[in-house]
There are 2 protein chains.
Amino acid sequence: MFEFFRKYLEDKISIAEADYQLIESVCIFKKLRKHQFLLNEGDVCTHSGFVCKGFLRKYSVDDKGIEHTVYFATENWWISDRQSLMNCTPSSYNIDAIEDAVVLLISKSNIEMLSEKIPAFKDMVNLILQRSLNATQERINYALRSTAEERYSQFLKSFPSLVHRAPRHMVASYLGITPETLSRIRKQISSK
Amino acid sequence: MFEFFRKYLEDKISIAEADYQLIESVCIFKKLRKHQFLLNEGDVCTHSGFVCKGFLRKYSVDDKGIEHTVYFATENWWISDRQSLMNCTPSSYNIDAIEDAVVLLISKSNIEMLSEKIPAFKDMVNLILQRSLNATQERINYALRSTAEERYSQFLKSFPSLVHRAPRHMVASYLGITPETLSRIRKQISSK
DNA sequence: CATTTCTCTTGATATTTATCAAGAATTTTC
DNA sequence: GAAAATTCTTGATAAATATCAAGAGAAATG
């Protein structure tokens with residue numbers, strides 16, 4: 001399974017063979033069956049996850065028991081609760097598998113170790129951080145200025161491959177609308 | 001004006017006197033009168049801004065000409081369009097002064113230079129990045145799960161000092177509601 | 001300090017989206 | 001492959017929020 005991550009790294013940074021071995025030595029692989037949890041609300045997130053295979057989501061649950069999807073992650077995406085990881089505080093999110101998955105885990109301290117020993121690794125982590133921030137701010141901008149239909153169209157454009165893999169009600173919860181509303185929006189779009 | 005930034009830095013990192021001088025040597029100070037722009041939509045953002053004094057906002061304008069506030073920045077906050085800065089692409093945002101302001105500017109290349117020469121500076125930049133990402137993801141989570149009233153209450157709690165400095169219609173646009181709706185929400189809350 | 005401009009509030013009405021309910025379609029499980 | 005569970009759609013109605021319009025209040029400007 002490490003070869004997935006190795007390919008990802010090769011694509012982003014240029015490091016020595018010994019560095020790959022160091023990285024591999026701290027990687028933990030976790031298989032998740034559909035519906036299994038990688039993180040439970042209330043637990044402290046201790047590892048960053050890199051998705052080798054499968055499809056996961058991160059969501060919070062409100063007082064009424066309604067789930068709100070804040071993030072999807074598929075092959076070559078990272079997933080964790082950075083806030084919990086950073087501050088060692090209980091997470092307010094759940095992460096579970098939408099499809100059977102294999103996730104590569106690296107502990108917080110090992111990420112710090114790798115960042116220290118391999119400068120290019122640190123730079124990569126920071127680049128990912130910047131991209132995440134850009135994407136997240138774009139999402140806020142869209143949420144503020146677009147109607148539900150526009151947000152759905154944008155989602156289709158941004159993540160064409162996710163649309164078919166994610167159950168509709170999860171897409172709805174990602175967009176901040178109910179499944180019924182999404183259903184009506186889809187009907188409206190298809191009739192155009 | 002540099003002393004504001006120096007205090008900020010002293011609070012976050014521990015570096016040599018020579019480093020402060022290096023940092024100061026690349027700082028540009030810009031005075032902005034109320035309503036003046038730091039960044040115009042369509043322009044490439046070339047500098048990161050640190051607010052020494054005053055109050056600014058970052059917003060986009062939709063097809064109908066309605067403004068959508070994505071960010072406020074007051075003393076000791078950073079402001080820029082990271083996406084435009086990172087990729088040298090035209091910005092889709094405007095940044096202007098809500099109050100007369102003094103902003104300390106550092107160019108992209110000088111931030112890179114400082115990051116290279118002063119490791120603690122780089123670490124600080126990355127820490128800020130992480131915090132921004134956490135805050136931004138929290139905002140999305142709130143947008144998804146809360147009513148307009150809850151979002152306003154949360155805004156009051158998170159930024160008590162901003163509420164009195166920002167015109168209400170800008171707060172409304174930050175929350176993704178109309179000024180009229182905010183006015184009604186405030187009435188409702190005060191009657192409790 | 002009067003006037004102009006901007007900001008905020010309130011009311012009436014329209015639109016969007018949510019909620020509740022039921023049945024159809026699909027997927028999972030044994 | 002049949003039964004059970006889940007997911008998706010549709011309709012009727014309710015609730016939240018937007019829009020339009022007008023006037024009150026506050027702040028900026030000459």
Side-chain angles (χ1 to χ4, degrees), chain A residues 32-36 54-55 57 59 61-69 72 96-101 142-156 162-191, chain B residues 32-36 54-55 57 59 62-69 72 96-101 142-156 162-192:
Chain A
L32 290 170
R33 300 217 50 201
K34 190 173 176 171
H35 296 138
Q36 265 192 314
F55 190 26
R57 72 172 168 146
Y59 63 96
V61 182
D62 69 21
D63 314 329
K64 293 183 190 164
I66 295 168
E67 298 173 354
H68 302 279
T69 303
F72 288 116
D96 70 3
I98 298 174
E99 299 170 2
D100 292 357
Y142 259 95
L144 288 178
R145 56 189 286 160
S146 310
T147 62
E149 183 180 330
E150 287 164 343
R151 292 201 308 278
Y152 177 64
S153 300
Q154 183 60 29
F155 181 80
L156 284 181
L162 294 195
V163 180
H164 304 291
R165 290 172 79 176
R168 295 222 213 303
H169 69 269
M170 290 184 194
V171 173
S173 93
Y174 182 92
L175 297 172
I177 58 180
T178 58
E180 293 94 330
T181 297
L182 179 56
S183 185
R184 289 179 182 113
I185 285 172
R186 286 168 49 81
K187 195 180 172 185
Q188 229 178 338
I189 287 177
S190 72
S191 76
Chain B
L32 291 170
R33 299 217 52 200
K34 189 173 175 171
H35 296 137
Q36 264 192 313
F55 190 25
R57 73 171 169 146
Y59 63 97
D62 69 22
D63 315 330
K64 293 184 191 163
I66 295 168
E67 297 173 355
H68 302 279
T69 303
F72 288 115
D96 71 1
I98 299 175
E99 298 171 0
D100 291 358
Y142 258 95
L144 289 178
R145 57 190 285 161
S146 309
T147 62
E149 183 179 332
E150 287 165 342
R151 291 199 311 274
Y152 178 63
S153 299
Q154 184 59 28
F155 182 80
L156 284 181
L162 295 195
V163 179
H164 305 291
R165 290 172 81 176
R168 295 221 216 301
H169 68 270
M170 292 184 193
V171 174
S173 93
Y174 182 92
L175 297 172
I177 57 179
T178 58
E180 293 93 331
T181 297
L182 179 56
S183 185
R184 289 181 181 111
I185 285 170
R186 286 168 48 79
K187 196 179 171 187
Q188 230 178 338
I189 288 177
S190 72
S191 76
K192 279 179 184 169

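Note on naming: letters A, B, ... go to the chains in the order of the sequence lines (proteins, then strands), and numbering restarts at 1 for each one.
By the ring-ring contact (aromatic ring centres under 6.0 Å, His included) test, B:Y142 pairs with no residue at all, sequence neighbours left out. A:S183 is linked by a side-chain contact (heavy atoms from CB on, under 4.5 Å) to nothing, counting only residues two or more places apart in sequence or in another chain. For the side-chain hydrogen bond (donor to acceptor under 3.5 Å, both in side chains) test, residues two or more places apart in sequence or in another chain that qualify with A:Y152 are A:R186. By the side-chain contact (heavy atoms from CB on, under 4.5 Å) test, A:D62 is found to be paired with A:K64, A:I66, A:H68, B:R145, residues two or more places apart in sequence or in another chain being considered. In this view, A:R184 and A:E180 satisfy the side-chain contact (heavy atoms from CB on, under 4.5 Å) rule, not counting sequence neighbours. Judged as a side-chain contact (heavy atoms from CB on, under 4.5 Å), and not counting sequence neighbours, the contacts of B:R165 are B:F55, B:T74, B:E75, B:E99. Residues satisfying the side-chain hydrogen bond (donor to acceptor under 3.5 Å, both in side chains) test with A:E67, not counting sequence neighbours, are A:R57.
Among pairs with a residue in residues 166-179 of chain A, none fulfils salt bridge (Lys or Arg N to Asp or Glu O under 4.0 Å), at least two apart in sequence or across chains.
From the 5' end on, the contacts that DNA chain C makes with chain A at under 4.0 Å to a non-hydrogen atom open and close at C:dT17 to C:dT28.
With the end axes of the helix from C:dC1-D:dG30 to C:dC30-D:dG1 each set by five pairs, the angle from one to the other reads 60° at 10° resolution.
Look at CD1 on A:I185: it is 12 Å from P on D:dT9, rounded to the nearest Å. As a whole-Å value, the separation of A:I189 CD1 from D:dT9 C1' is 16 Å.
Nearest approach of B:A172 to B:L182, heavy atoms of both residues: N-CD2, 3.8 Å. Of all heavy-atom pairs between A:I189 and A:E149, the closest is CG1-OE2, 3.9 Å. Contact detail for B:T69 and A:L144: the closest heavy-atom pair is O-CD1, 3.2 Å.
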Interface polar pairs with nucleotides 25-30 of chain D, N/O, under 3.5 angstrom:
| from | atom 1 | to | atom 2 | distance (Å) |
| --- | --- | --- | --- | --- |
| D:dA28 | OP1 | B:K34 | NZ | 3.3 |

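Looking at heavy atoms from C-beta onward, A:F72 lies in side-chain contact with A:M170 at the 4.5 angstrom threshold. Side-chain contact between A:I177 and A:I185 is present, with at least one heavy-atom pair separated by less than 4.5 Å.
Listed by residue number, B:G176, B:I177, B:T178, B:E180, B:T181 are the residues of residues 167-182 of chain B with a heavy-atom contact under 4.0 Å to DNA chain D.
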